[in-house]
K.L.:
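If you scroll down you'll find the structure; I have some questions about it.
As a basis for the values below, the full set of heavy atoms in this structure was taken, side chains included, without hydrogen atoms, waters or symmetry mates. Sequential numbering from 1 along the given sequence is applied to the chain's residues. Predicted model, so just to flag it, every value in this text is computed and none were measured.
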Amino acid sequence: MQRIRSILFTVFAMLVASATVVFAASIGLAIAGIAAVLMLGSMLAGKLQPAPVRATARARNDRAAPGQREPRIWNDGRGTIIDL
């Protein structure tokens with residue numbers, strides 16, 4: 001009787017341990033899947049942001065003096081910046 005009881009307890013303990021391992025593995029896979037989806041979403045969101053557009057203004061020949069540099073104009077996505 002003692003031998004049958006110890007075998008049953010051993011089988012029950014192995015069942016509980018395997019169920020715990022399966023549960024922990026499924027939770028781990030779910031967390032890894034959620035993290036992967038969030039990383040892909042943030043990567044795609046970064047690619048969809050508008051890139052700054054660089055624009056140049058050409059100096060008129062009658063106003064441009066020799067040695068004077070061309071003004072820099074660019075759009076950083078929040079507004080146009082003019083550097084004279």
K.L.:
For the hydrophobic clusters of this structure (ILVMFWY residues joined by side-chain heavy atoms under 4.5 Å, transitively), does one cluster hold both Ile31 and Phe23?
P.N.:
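Same hydrophobic cluster.
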K.L.:
Any idea which heavy atoms bring Gly79 and Asn75 closest together, and the distance?
P.N.:
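Looks like O-OD1, 3.1 Å.
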K.L.:
Taking atom CG of Leu38 as the centre, does the number of heavy atoms from other residues, nucleotides or ligands within less than 6.0 Å exceed 12?
P.N.:
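Counting other residues, nucleotides and ligands, CG of Leu38 exceeds 12 neighbours.
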K.L.:
Just how far is it from atom CD1 of Ile7 to atom CD of Gln2, taken to the nearest 0.5 Å?
P.N.:
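Separation between the atoms: 11.0 Å.
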K.L.:
Roughly how far, to the nearest 0.5 Å, is the OG1 atom of Thr10 from the CG atom of Leu15?
P.N.:
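Separation between the atoms: 11.0 Å.
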K.L.:
With ILVMFWY side chains joined below 4.5 Å, transitively, what does Leu40's cluster contain besides itself?
P.N.:
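Leu40 clusters with Met43.
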